[in-house]
Amino acid sequence: MPSTPPLKSVKQPPPAPRSGWFSAFISEFRAFPATVWILFAGMFISRFGAFVLPFLTIYLKRLGYSLDHAALAIGCYGAGNFGAAFLGGDLADRIGRRKTIVISMFSSAAALMLLYSAKGLPAIFACVFLAGLTSELYRPASSALIADLVPPSRRVLAFGVLRFAINAGWALGPATAGLLAAWSFFWIFAGNALASVLFGLLAWIALPKGVRGGGEIRSHGLLSALRHVARDRNFILLSIASFATAFIFFQTGSSYSIYVTEHLSYSELTYGLLVSLNGVLIVLLEIPLTFWTRRMNPLRPMALGYLLLGAGFGMNALGASGGLIALAAAMSVHTIGEMIAFPVQGAYAAGLAPAHMRGRYLGLLGMTFSLALIISPFAGARIYAIHPDALWWTCVLLGGVAAASILGSRVAPASATVEAKPQEAPM
């Protein structure tokens, strides 16, 4: 019998590459306009150099002022923020996004150096207010510019990447500031001012000219926007949730810093590293989480995120017995809540706003953050003085209030849906 010829091996086609969040992200990445990435780069620079606010309480304590004085100073920064949100949204629609960002960055650099030179509480409070006004004037303009340039189907991802850029800077900034503080507090102020100037130059050179709210801005001013918002139930409930979560969030730079450095006796560098952990986790995990949340009804991830945000701060009550591990775990839970809620919140708010009022709508939402920054340091300090744990349990309660508020919204309208689900092909 003739021998059977050996079977020829048949080449199998290579396995198809697995699709996952990263490959999908690269595809979405390529779809963003170059201008959006320039804005992200500017936000990274600005946030990396945002040294002053997280260390303002410690700086004032070093000058011999009390925790109440420091809380009042942060309240002045919040009052400046309040004015910035009010003015910044209107400027973004009237003179344009780019000009508003440039004005904000150059004026904030000057204000920060004035603050370092200020002597006596009245001058310090005035300069802190000016720093809060100028440093935050750009926020409504930057958020509105993203909504202008990115279609609704990609806005959650865009706001997620914006937060990625911000928190990449935040991951490095406070730890760097902790090292600078050990050397001289002057470099905290000078570094913050330099970062503002760099962002201002980048905006002036590279951001598009003339992007603003549209022709209707001339006949519909801020009062018109306020009347419109007063009839927008969803936006009002979002604003309540935003205030409650901002109250929690702003404890980081006030009572939380004193809790870590004085009550638990850790160093300023340790406090800086704990705050930086927030940024590191966001850099590593927020984009994957955004791919999960962006196709959901936006109310659900926002509510879940708000609950986790409050619970994370509540876990700080374990810091006295659990040490650094407990503090790091608390910061991690808080950060997971922030990553789930805030990118969706940004896209949801932009979708609620009429196009010609986008800057003012987002400015009005920013005012809830500013109002919280005015109230939360002093109110938090009063609660903290009763007992630190009382403050952390208050944060848990506020997280629940925020979740209940947003779940009380009506079903999100089509304009505020963060991303439409793909439709099935007809049979």
Side-chain angles (χ1 to χ4, degrees), residues 47-48 50-51 53-58 74 160 163-164 166-179 181 244-290 304-343 345 369 372-373 376-377 380 383-384 388-400 402-403:
R47 197 58 174 174
F48 170 77
F51 298 151
L53 185 58
F55 281 82
L56 184 59
T57 297
I58 295 171
I74 294 177
R163 283 174 45 78
F164 178 96
I166 290 170
N167 286 282
W170 186 247
L172 301 172
T176 304
L179 293 173
T245 53
F247 186 101
I248 300 169
F249 188 81
F250 286 128
Q251 297 307 316
T252 303
S254 54
S255 296
Y256 179 73
S257 66
I258 301 304
Y259 180 66
V260 172
T261 58
E262 292 189 5
H263 186 78
L264 300 181
S265 301
Y266 290 110
S267 69
E268 290 147 3
L269 178 58
T270 300
Y271 162 69
L273 289 171
L274 283 168
V275 175
S276 290
L277 175 62
N278 172 270
V280 170
L281 290 174
I282 288 172
V283 167
L284 293 176
L285 300 177
E286 182 155 307
I287 298 302
L289 281 172
T290 298
L304 174 61
Y306 297 155
L307 287 172
L308 291 174
L309 189 71
F313 266 81
M315 289 171 61
N316 286 317
L318 304 174
S321 58
L324 279 176
I325 293 175
L327 290 174
M331 182 61 72
S332 299
V333 171
H334 149 72
T335 303
I336 290 169
E338 183 184 340
M339 290 187 290
I340 290 172
F342 285 173
Q345 177 179 295
F369 274 75
L373 188 53
S376 70
I383 300 169
Y384 180 90
D389 289 357
L391 176 59
W392 310 137
W393 286 111
T394 299
C395 291
V396 174
L397 176 63
L398 288 172

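Computed over heavy atoms, backbone and side chain alike; hydrogens, waters and symmetry mates excluded.
Not counting sequence neighbours, the partners of T335 by the side chain to side chain contact (heavy atoms under 4.5 Å, CB included) test are N278, L281, I282, M331, M339. Listed by chain and residue number, F55 satisfy the ring pair (Phe, Tyr, Trp, His ring centres under 6.0 Å) test with Y271 (two or more places apart in sequence, or in another chain). Residues forming a ring pair (Phe, Tyr, Trp, His ring centres under 6.0 Å) with Y259 (at least two apart in sequence, or on another chain): H263, W392. In this structure I383 satisfies the side chain to side chain contact (heavy atoms under 4.5 Å, CB included) test together with A390, L391, T394, sequence neighbours excluded. In this view, F48 and F51 satisfy the ring pair (Phe, Tyr, Trp, His ring centres under 6.0 Å) rule, not counting sequence neighbours. Residues satisfying the side chain to side chain donor-acceptor pair (under 3.5 Å) test with T261, not counting sequence neighbours, are none.
Two residues are said to be in side-chain contact when any heavy atoms from C-beta on lie closer than 4.5 Å; L327 and Y266 meet this criterion.
P377 and A372 get closest at one heavy-atom pair: CD-O, 3.8 Å. Nearest heavy-atom pair across Q251 and C395 is CG-SG, 4.4 Å. The shortest heavy-atom contact between G160 and E286 is O-OE2, 3.4 Å.
Listed by first then second residue, pairs satisfying salt bridge (Lys or Arg N to Asp or Glu O under 4.0 Å) with a partner in residues 321-339 read R163-E338, not counting sequence neighbours. Applying the salt bridge (Lys or Arg N to Asp or Glu O under 4.0 Å) rule to pairs touching residues 312-323 yields nothing, sequence neighbours excluded. Each salt bridge (Lys or Arg N to Asp or Glu O under 4.0 Å) pair with one or both residues in residues 249-264, not counting sequence neighbours, appears once here: K61-E262. Pairs of residues two or more places apart, or lying in two chains, never qualify as salt bridge (Lys or Arg N to Asp or Glu O under 4.0 Å) while including a residue from residues 328-337.
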Could you tabulate the donor-acceptor pairs under 3.5 Å formed by side-chain atoms of residues 304-319, not counting sequence neighbours?
| unit_1 | atom_1 | unit_2 | atom_2 | d |
| --- | --- | --- | --- | --- |
| Y306 | OH | Q345 | OE1 | 2.5 |
| N316 | ND2 | F313 | O | 3.2 |

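Taking CD1 of I258 as the reference point, atom OG1 of T57 lies at 5.5 Å (rounded to 0.5 Å). In this structure, the separation between OG1 on T245 and CD1 on I248 is 6.5 Å, given to the nearest 0.5 Å. To the nearest 0.5 Å, atoms CG (L289) and CG (L284) are separated by 11.0 Å.
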